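To start, the structure under review is shown below, and the notes come after it.
No experiment lies behind these values; they were computed from the predicted model shown. So that the names make sense, note that chain A is the first sequence line, chain B the second, and so on, each numbered from 1.
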There are 2 protein chains.
Amino acid sequence: MGKRDTEAAGTESPVQFSVDRNSPVPLYFQLSQQLEAAIENGRLAPGSLLGNEIDLAGRLGLSRPTVRQAIQSLVDKGLLVRRRGIGTQVVHSQVKRPLELSSLYDDLEAAGQKPATRVLLNTTTEANAEVAAALGIAEGAEVALVERLRLTHGEPVAHLRNHLPAGLLRLETADLEETGLYRLMRSAGITLHSARQAVGARAATAEEAERLDEAEGAPLLTMQRTTFDDTGRPVEFGSHVYRASRYAFEFQLLVRP
Amino acid sequence: MGKRDTEAAGTESPVQFSVDRNSPVPLYFQLSQQLEAAIENGRLAPGSLLGNEIDLAGRLGLSRPTVRQAIQSLVDKGLLVRRRGIGTQVVHSQVKRPLELSSLYDDLEAAGQKPATRVLLNTTTEANAEVAAALGIAEGAEVALVERLRLTHGEPVAHLRNHLPAGLLRLETADLEETGLYRLMRSAGITLHSARQAVGARAATAEEAERLDEAEGAPLLTMQRTTFDDTGRPVEFGSHVYRASRYAFEFQLLVRP
DNA sequence: GAGGTCACAATGTCCGGACAAGGGGGGTTG
DNA sequence: CAACCCCCCTTGTCCGGACATTGTGACCTC
């Protein structure tokens, strides 16, 4: 009886947003960024309702499709959940970042470690059967070969062996010592699109043990990865070995609905 | 001069689609499924153009937004690539399935292996610090504990230890021997939404070696995973050990644009 | 009081249109 | 002949509206 009809239902959100129509950045993107920031810093509490799309659109002077596009992008990121008949609510946190095509260099840097790289080899060679199959080229064809040792605090973490199609990109040893391979590829105009990975484990050979400062037979984490650009062309085949005592893969993933 | 204006530009696709407006399944979904099937079986060749959205909409009697929604869902899956000013192309194959929240049981079954499960333990216990932190509950609180040995062809592949919040779900040993844990959770109405995983490696302890029929010190692949439902509530914490000689994680992933 | 029924609220789907932005090709111009 | 410019094609963004579908809660009935 004494209830006002506009009274919010408890977990409603009073956060205000605004968009700039003169900005060249799309309206839906402006909104999604503001929403994401509000979720990130807790102004939009986990579990709280977002308020219905119609009102939100009205308050911002946007159309519903635009608002929906903004919300959808965050649903895709796993930050929001839509429930028909209920509303859109903020996921109960714990979600950080979904799995990306992780660069070891970026991973280490993000973890606060200061990664260093020692280039062991930067040359060309003939593709063996495995490399040829991964890169979709003929066996014996010329490919670029890079072998690197990745270190943090002066300690080796991983041995990285990468094969790239010939002529794709000019790799300077100096650049490789400075940053990660993916960054170099991206700045060369290559758009990384997808990758196929296999992660396993095996015991260290004598040579690997020597290189990584481990005992022979110590458990190592292995990863093989073929990366494709947006045309589906293989642009890189990596065969990496990590010291299990110093590195593990961590990632978040979403369930495809 | 002698060119007809409707002449396709070489790599155009002549594939026909159709939608049923009386079906309850959404129009955009009908179209995206047909597109996906056409890509899967090669009728839409890798690299070929899809034809512009306007025409496609016109031919199907749909609006452009609906067609775009269908196409977008396949772009999200990594099957298509859009280029402004050019058109939408089929990715040059190699893409199979992006990473899903993989169930070992489903993985093995999909690989043609016939997985079997031996339940070693199905009880409740008090959460230790690690489990409590993962499930977001108090240390010492009661949790369900399941330990299973997963086998193929009579050979052990992995030892699986799972902790679940008390009262979430009634786990019958008989069911656990028949199928995977995730299937049981899903059929209990729990919607799995996201997971946080860590994959590493270590040497087998004497007990693990015994259980998995490996030598002591053999390299093992380890995974720890906390799974969340769509409200962000932790619903499962798994601590698994795989025989590196018989199993590796394989997955495809997309680069977030 | 327990049950079902109905209205409401919210997202899901779909339409038709409009203009902007980027890429490519062809024509024009030097 | 080459460089530049302009036009056209395609996707990107955005709008306003319409109806369907699905949870929820209140109301009514038994």
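Nearest nucleotide to the side chain of Thr66(B), out of dC14(C), dG12(C), dG12(D): dC14(C). Side-chain proximity of Arg84(A) to the nucleotides dG23(D), dT11(D), dT22(D) is greatest for dT22(D). With dG23(D), dT11(D), dT13(C) as the candidates, the nucleotide lying closest to the side chain of Ile54(B) is dT11(D). Side chain of Leu62(A), nearest nucleotide from dA10(C), dC15(D), dT13(D): dC15(D). For Thr88(B), the listed nucleotide lying nearest its side chain is dT11(D); candidates were dT11(D), dC14(C), dC15(C). Each of dT13(D), dC14(C), dG24(C) was ranked by its minimum atom distance to the side chain of Ser63(B); first place goes to dC14(C). Comparing dT11(C), dC15(C), dT11(D) by their closest approach to the side chain of Arg64(A) singles out dT11(C). Closest to the side chain of Tyr28(A), out of dT11(C), dT13(D), dT11(D), is dT13(D). Nearest nucleotide to the Arg68(B) side chain, out of dT24(D), dT13(D), dG12(C): dT13(D).
Side-chain contact between Val25(A) and Asp20(A) is absent, with no heavy-atom pair separated by less than 4.5 Å. Between Leu176(A) and Asn122(A) the shortest side-chain heavy-atom distance falls below 4.5 Å. When side chains are defined from C-beta on, Phe228(A) does not count as touching Val235(A), because their heavy atoms never get closer than 4.5 Å.
Leu31(A) has its CG atom 10 Å from the P atom of dC14(D), to the nearest Å. Protein atom CD of Glu53(B) is 16 Å distant from nucleotide atom P of dG16(C), rounded to whole Å. Remark: P of dC14(D) and CG of Asn22(A) are 13 Å apart, rounded to the nearest angstrom. We find that CG of Leu27(A) is positioned 20 Å from P of dA18(C), with the value rounded to whole Å. Across the protein-nucleic acid pair, Asn52(B) atom CG and dC8(D) atom P stand 16 Å apart, rounded to whole Å. Summarising the geometry, the separation between CD on Gln30(B) and P on dT13(C) is reported as 12 Å, rounded to the nearest angstrom. Distance, Gln89(B) CD to dG24(C) C1': 14 Å, rounded to whole Å. Separating the CG atom of Leu50(A) from the C1' atom of dA10(C) is a distance of 12 Å, rounded to the nearest angstrom.
Among the heavy atoms of the strands lying under 4.0 Å from Arg83(A) are primed sugar atoms or P, OP1, OP2 only; no base atom is included. Counting non-hydrogen atoms under 4.0 angstrom, Gly58(A) reaches nothing in the nucleic acid. Counting non-hydrogen atoms under 4.0 angstrom, Pro65(A) reaches a base of the nucleic acid.
Phosphate proximity of dC15(C) to Arg21(B): present, with a side-chain N or O under 4.0 Å from OP1 or OP2. In this structure, Arg82(B) reaches the dG12(D) phosphate: one of its side-chain N or O atoms is under 4.0 Å from OP1 or OP2.
Summarising the local packing, CD of Glu172(A) is surrounded by more than 12 heavy atoms from other residues, nucleotides or ligands at distances under 6.0 Å.
Taking the nucleotide of DNA chain D with the nearest heavy atom to each of Ile86(A) and Phe29(A), the more 5' of the two is matched to Phe29(A).
Under the 4.0 Å criterion applied to side-chain N and carboxylate O atoms, Arg148(B) and Glu177(B) are not assigned as salt-bridge partners. Between Arg82(A) and Glu53(A) there is a salt bridge, since at least one side-chain N of the basic residue sits less than 4.0 Å from a carboxylate O of the acidic one.
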